[in-house]
Structures are given as C-alpha cells and as structure tokens.
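Presented below is the structure to which this report refers.
Side-chain atoms are counted along with the backbone in the values below, which use heavy atoms only and exclude waters and symmetry mates. Source: prediction; values computed, not measured. Every chain is numbered from 1 and lettered A, B, ... according to where its sequence line falls, protein lines coming before strand lines.
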Number of protein chains: 2
Amino acid sequence: MRTMYRKKMMQAKNKDPAAQDQKAQLSKRLRAAGLRVTEPRLALARLLFTDGNHHVTAETLHKQVQAAGLSISLATIYNSLHQFMEAGFLRQIVVDANHSYFDTNISPHHHFFITDENRLIDIPADDITITNLPAIPDGLEMKRVDVIIRVNNAPAPAE
Amino acid sequence: MRTMYRKKMMQAKNKDPAAQDQKAQLSKRLRAAGLRVTEPRLALARLLFTDGNHHVTAETLHKQVQAAGLSISLATIYNSLHQFMEAGFLRQIVVDANHSYFDTNISPHHHFFITDENRLIDIPADDITITNLPAIPDGLEMKRVDVIIRVNNAPAPAE
DNA sequence: GATTTTTTTTAGAATTATTCTAAATAATCC
DNA sequence: GGATTATTTAGAATAATTCTAAAAAAAATC
C-alpha cells in the first residue's frame, strides 16, 4: 500500500483509544485464524465488522474502501473476503448467478433478496419455521439450509 | 446450421410418428410463446423436455448437444435458455455464484444441491413445510421462495 | 534497530461465464 | 421462388473472479 497520505490519516485516526481497542480485538481475531495482521485486513475488518451486520460483494466493498479514502486493490479484497470466509468470519450467500455475496452475520438465518436493488435483508432463523424436511438422500449429509425469499418493489397503487 | 450430415440424421430420425408428434407439440409450444420454430430450438427442447425433469447449465446442455451428435453454438444455447425461461418453460435456480442453472420443473418446489457434484435434486413443495413466514417489508411484494439444502458426500464410515 | 525470512499486496494478465455483434442463414409469408 | 423477418453463428467483448511475478509489508531473528 503506497499512499502515505492516506496511511497517515488512518494512523492519526487510530490514536483514538476506542479505535486502538478495536484494532487490538480485530488483530486478535486475525491471529487466531492464522492470518497476519496487515493494514488492508484491518481496514476491511473495520468496514465489515462495525455498525452491525452487512452484506457485501467485492465490488460494493471496494467502493466502500474508496469512499473511506483508502486504497486497497480489488485482488486483495477478493483474497481477503475468501480468507475471512474460510476463517469463519463471513458466510457466502448465493442469490445471483453472477455475483458472490458475503454476510457478516454467521449465525443461521435466511434472507429477503430485493431483486430491483440487488440487496439482501436478514430474516432471523426463528422468523421462519421449516418442518417436515425431506430425508437426506443416501450417502449425503446436510451442510446448510438457505431460504431465499425474492421480493421486488410493489407497484404504487393507482390513485 | 451447416452440418448437412447431422441434419439428415435428425430428419431421418424424425420420420418416426412418435417423434413427429413430439415435434408438432414442441412446435406448438414455441409458436404459442411467439418463438419461431427452428432446428436448434427443437433440438434443445427435445433434450430439455423429454424423459422427465432436468437441471442444466449452458455448458452441460452444450455437452449434451454434442453427445447427441448435434452442432449448436454456445451463443444459441445461452440465447435459447433465456428465451425458454422468459416463455415460462424453464425456471432459473441460483445455487452457485458462477453458474446459471435452469430447471425444467416449473412448478413450485425446492432443491438439494450436492456441492461435491454441482448437482441439483428436486424436493417436492409438499415435502417442506414453511410456516410463520415473516412479514414482507413495506413497499415490497413476494416473487418467490426458494429453499436450498446444501449437502455433500458423507465420509464413508470407518471400518 | 537492522537484517532476514515469510507472507501479503499489487497491477495487470488470465480465466471463466455470459452477452454482444455483424454477417450469413433459416423460417415464414406472399 | 422472392421478399421479409427472425435466428444462428463465430468470435469479440464484457464482467466477475482468479492468477502471477515482483514489490512491499509483517514478523522473526539477530
């Protein structure tokens, strides 16, 4: 990462005690997952694991990075998303055959997918009850169950 | 389509009365959907809508075409899959962020997805009971509900 | 702190899946 | 059979993702 200007901005901002504590916690999680603590990883972790749950694609995360005045290559973003997923920090959600979505909420849950906006909304697992699951075919074992409810914008009612 | 040899084979095979009846039925469906009846469309329709339900990607369908000794361009296959879907003959199933799957079973149902084999198995809608669906967020309307149960090969039990 | 080692990041190339395009071909209508 | 319209085609283009070699950064060692 070459942009010293942006690096200094980050370092200044990170002198804040709360920020330093967050950095310490994120660093701990990264090390626990066998990942080196690097500036790009910390920056991505902050964007992903702050202010509640998020759904991102590589592209939307890249835009958030740029909006935050940072500079991280797209390749690093793809790389990091996959490493965070393998570390168990993220879950992949498949709702579009041409984009990979990643969810910071790793507990079992389901989703609304708003097709007009390519946007996901979490549905808590308890809000959907699935009974009467079919028998798993022989020789196979269940990995995970996803319920995707595709919705679109309702047409405005006629005046 | 230039391969006269293959074309003659098809035409010879299609003299069979059952085949001619099938061709007439498929032609009727194509016309009803506003699609011209062409050799490639008939050939793809036969592969898709014969012998029960199928799940295909463009690539797997292309291979079936070649295995049947036919020659249809990959662009035509993509084109036709989308036209059949828009005509209501196929449903798209999203289980992988890098491939589009198409299902000839257009009635409401769900799927097992065998991740080791990239293969789908239908689950009849009645085999899964979803109760307690959450309220649709304001301004949105439901399009469709998909349940995907991801499974993989079970490890062989230790001897 | 400097050096060495290892890992990561990077920019751009490469790959893969899908879509686009202009020209040729085929289907339909007359 | 000719005219018109739609489709097919091969290959280019696009988009999303992965790969690569070199540079940079992080960690370990001294």
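- Heavy-atom distances under 4.0 Å link DNA chain C to no residue of residues 78-92 of chain A.
- Among all heavy-atom pairs drawn from B/Phe102 and B/Met85, the shortest one is CE2-SD, 3.8 Å.
- Minimum interatomic distance between B/Val65 and B/Ser71 (heavy atoms only, all atoms of both residues): CG1-N, 4.2 Å.
- A straight line from CG of A/Leu61 to C1' of D/dA16 spans 15 Å, rounded to a whole angstrom.
- Here D/dA15 presents its P atom at 12 Å from NZ of A/Lys63, a figure rounded to the nearest Å.
- Computed from coordinates, the B/Glu59 CD to C/dT15 C1' distance equals 13 Å when rounded to whole Å.
- With hydrogens and angles disregarded, no donor-acceptor distance shorter than 3.5 Å links the side chain of B/Arg144 to the backbone of A/Ile149.
- Set against D/dT17, C/dT18, C/dT10, the side chain of A/Leu74 has D/dT17 as its closest nucleotide.
- If you take CG of A/Leu44 and C1' of C/dT8, they are 13 Å apart, rounded to a whole angstrom.
- Near DNA chain C, meaning a heavy atom under 4.0 Å from it, residues 95-104 of chain A has A/Asn98 in order of number.
- The interatomic distance linking B/Glu39 (CD) with C/dT28 (C1') rounds to 15 Å, in whole Å.
- Each of C/dG12, D/dT9, D/dT7 was ranked by its minimum atom distance to the side chain of A/Ala75; first place goes to C/dG12.
- Atom CZ in B/Arg41 sits about 10 Å away from atom C1' in D/dT8, given to the nearest Å.
- B/Phe49 carries B/Arg29 over the face of its six-membered ring, with the cationic atom under 6.0 Å from the centre and within 45° of the normal.
- The main-chain N or O of A/Ser107 is found under 3.5 Å from a side-chain atom of A/His109 such that the two form a donor-acceptor pair.
- Residue pairs meeting the salt bridge (Lys or Arg N to Asp or Glu O under 4.0 Å) criterion with at least one partner in residues 58-78 of chain B, sequence neighbours excluded, are B/Glu59-B/Lys63.
- Taking side-chain N and O atoms only, B/Thr76 has a distance below 4.0 Å to OP1 or OP2 of D/dT9.
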Between protein and nucleic acid, restricted to nucleotides 27-30 of chain D and to nitrogen or oxygen atoms under 3.5 Å apart, what atom pairs and distances do you find?
{"residue": "D/dA27", "atom": "OP1", "partner": "A/Val37", "partner atom": "N", "Å": "3.4"}

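- Here D/dA26 presents its P atom at 12 Å from CG of A/Leu30, a figure rounded to the nearest Å.
- Put simply, CD1 on B/Ile72 is 14 Å from C1' on C/dA26, counting in whole angstrom units.
- Proximity of a side-chain donor or acceptor of A/Asn152 to a complementary backbone N or O of A/Thr115 within less than 3.5 Å is not detected.
- Between A/Phe112 and B/Ala135, the closest heavy-atom pair is CZ-O, 3.5 Å.
- For residues 78-99 of chain A, the pairs satisfying salt bridge (Lys or Arg N to Asp or Glu O under 4.0 Å) are A/Arg91-A/Asp146, with sequence neighbours left out.
- Partners of A/Leu61 by side-chain contact (heavy atoms from CB on, under 4.5 Å), not counting sequence neighbours, listed by chain and number: A/Leu44, A/Leu47, A/Leu48, A/Val56, A/Gln64, A/Ile77, A/Leu81.
- Ring pair A/Tyr101/A/His54: centre-to-centre distance not below 6.0 Å.
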